[in-house]
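Residue numbers start from 1 in every chain, and the chains themselves are labelled A, B, ... in the order their sequence lines are given, proteins ahead of strands.
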Amino acid sequence: MLDLKFIREHADVVRKAVADKGENADIDRVLGLDEAKRHKQHDFDTLRADQNRVSKGIGLCKKNGQDASNLLASMKKIAGTVRQLGSQLAVLDTELQRLLLTIPNIPRKDVPVGGEADNALVSEWGTPREFDFTPQDHLALCEAHRLVDFARGAKLSGTGFPVYTGNGALLERALVQFMLDTHITRHGYTEIIPPLLVNTAAMTGTGQLPKMADDMYHIASDDLYLIPTSEVPLTNFHSGEILPLDDLPRKYVAFTPNFRREAGSYGKMTKGLLRLHQFNKVEMVRLTEPQDSSQALEEMIEEAAFITRQLGLAYRILRLATGDLSFASHVTYDIEVWSPGAGRWLEVSSLSDFRDFQARRMGIRYRNSEGKVAFVHTLNGSGLATSRIFPAIVETYQRDDGTIEVPEVLRPYMRGLTTL
RNA sequence: GGAGAGGUGGCCGAGCUGGCUUAAGGCGUACGCCUGCUAAGCGUAUGAGGGUCAAAAGCUCUCCGAGGGUUCGAAUCCCUCCCUCUCCGCCA
């Protein structure tokens, strides 16, 4: 959510952001409602002040045994007007709040305007492996080594719910362990194991609601949502709080499964592990002081990139164009690794600075060095999504005899196994 | 699922037979005074958000779990919901 004052004073900037992000939000209507609400608020406050004053007088009269029927009669009228103004004010405010939730965050100045084709290449590391034999894709490899059972997953739940089996499960777990250990010990994050079901307020706080309602699994009987990313519970962890300065920065990391309905994307990349209804991810979240968030994002990019380097996977880093930015994001970098099987780059991490956009929605504030209360900045980034790393590893590390080498950093987590 | 108790300011905690409560009192915190030092003591201050204002001050509105209602007036009465605790039941 943007600051209403900011919208009032920089309407053009906001309009441009809405257009660049391809969102729909009626800024003129917001401005009109804001104006109307402030007028109404003024009328209400003035009358309410009168009411408070006279009510006190009535109390005094009664206490002294004096007659207050004159006052009572006139107050009866005022009370009616106050009630009327109050409900009109509530209507304006509800509508204003609803609209404010539909206005996206402003992209950073260096974010390219445009769609996916306009994403800016920031850096590259390593070179995609060349093969002197015809490499198999991860589907074939997973089947050959019984790493993932897609058919039985479909039997249990439907497509998009893979079952990791045997060494596949071991590899998946090793990836998670390796990533968590690295972020905890090398990067200083605190591990969190959060709930996988969260309420409407939490989903609204990080910005999934109202826009992404159709993409999430919703438990109607309890009005809870399955998390599409652990960003939601991690970032909402401190919602409604005013943190002491000493508590910043906060750095949280969590491993969770994630659930996405992927409504409307049937037929698009549905084979294998690349697009799933349930997938695993290690997620990093930071809360910082406003002046520290840009630097924090750079660090998080490096932390995610470190994992891919350790795994020996060629990657590239992109700065997403406005059309590819999420609703709440100010700036987002994607890390993509090369998939020899798919012959294309796969997004394994998406790292974003939200500035105070989410913090304002969920009310995460802190007391700064001047003792003033201000919104924190929130950031998050995958560190990483195993469902994309997994195929990249089995494809990249395959040998001509069909076996798969285990990357060295994972071996300690796989009972010393060197080959699958 | 059933029965009961409760949710008040950073914390504890009174108020809850509706009106000098603009929420007592305490703890904590900050500043000052006092005192060889420390402790104690004394004094003052100490929530968030909005409106008005160039800004500050000031004035004012809202907030006592959330949302409705009754009333001239609600922390206080009524209704719905959420959460916590205790007991019972059911169950992985």
Side-chain angles (χ1 to χ4, degrees), chain A residues 1-10 30-101 156 194-205 209 218-225 233 236-248 250 356-376:
Chain A
M1 186 156 61
L2 296 176
D3 182 8
L4 193 48
K5 253 180 212 149
F6 179 88
I7 299 173
R8 212 181 284 151
E9 288 160 15
H10 306 274
V30 167
L31 293 174
L33 279 167
D34 171 44
E35 180 81 17
K37 187 201 151 190
R38 278 184 296 143
H39 274 114
K40 193 69 79 179
Q41 179 86 52
H42 183 77
D43 294 347
F44 176 83
D45 285 358
T46 309
L47 200 60
R48 187 78 169 134
D50 287 347
Q51 193 186 28
N52 284 342
R53 217 176 346 260
V54 179
S55 278
K56 215 157 285 177
I58 293 173
L60 281 176
C61 280
K62 294 229 167 180
K63 181 145 272 183
N64 300 332
Q66 296 168 327
D67 178 42
S69 49
N70 278 347
L71 289 175
L72 277 174
S74 68
M75 282 310 282
K76 205 146 201 164
K77 278 182 214 150
I78 292 184
T81 314
V82 165
R83 204 161 311 170
Q84 209 175 354
L85 286 173
S87 63
Q88 288 168 358
L89 191 59
V91 168
L92 288 172
D93 191 51
T94 304
E95 181 64 1
L96 183 59
Q97 291 306 319
R98 191 186 69 74
L99 286 179
L100 280 176
L101 291 177
L156 294 171
L196 306 181
L197 287 165
V198 303
N199 58 29
T200 300
M203 282 299 182
T204 306
L209 288 177
H218 179 233
I219 314 289
S221 56
D222 297 279
D223 196 20
L224 293 170
Y225 294 84
N236 278 284
F237 192 50
H238 290 289
S239 65
E241 297 182 24
I242 298 176
L243 300 167
L245 187 56
D246 294 349
D247 275 8
L248 294 178
R250 303 268 78 197
D356 62 4
F357 188 86
Q358 293 181 325
R360 182 171 272 111
R361 282 183 164 229
M362 65 188 110
I364 307 181
R365 296 171 292 175
Y366 80 109
R367 209 169 288 281
N368 66 22
S369 54
E370 293 171 2
K372 292 201 170 139
V373 173
F375 288 106
V376 302

Legend entry - Separation of atom NE2 in A/His39 from atom P in B/G51, rounded to whole Å: 13 Å
Legend entry - Given B/C72, B/U22, B/A48, the nucleotide with the shortest approach to the side chain of A/Lys76: B/C72
Legend entry - Base partner of B/U44, which must satisfy Watson-Crick or wobble distances under 3.5 Å: B/A30
Legend entry - Separation of atom CG in A/Asp34 from atom C1' in B/G51, rounded to whole Å: 11 Å
Inset, instruction - Starting from P on B/A74, measure out to NZ on A/Lys56 and report it in whole angstrom. - result: 12 Å
Tabulated below should be each protein N or O lying under 3.5 Å from an N or O of nucleotides 57-63 of chain B; please produce it.
| residue | atom | partner | partner atom | Å |
| --- | --- | --- | --- | --- |
| B/C61 | OP1 | A/Asn52 | ND2 | 3.0 |
| B/C61 | O2' | A/Asp45 | OD1 | 2.9 |
| B/U62 | OP1 | A/Arg48 | NE | 2.5 |
| B/U62 | OP1 | A/Arg48 | NH2 | 3.0 |

Legend entry - Distance, rounded to the nearest Å, where A/Asp223 contributes CG and B/C83 contributes P: 11 Å
Legend entry - Separation between CD of A/Gln41 and CG of A/Asp43, rounded to the nearest 0.5 Å: 10.0 Å
Legend entry - SB check A/Asp34 A/Lys37 (cutoff 4.0 Å): no
Inset, instruction - When you get a sec, tell me which of B/G19, B/G49, B/G73 is the closest nucleotide to the side chain of A/Ile58? - result: B/G19
Legend entry - Pairwise side-chain contact, A/Asp3 with A/Phe375, heavy-atom cut-off 4.5 Å (strictly under): no
Inset, instruction - Specify the separation, in whole Å, of atom CG of A/Leu243 and atom C1' of B/G10. - result: 13 Å
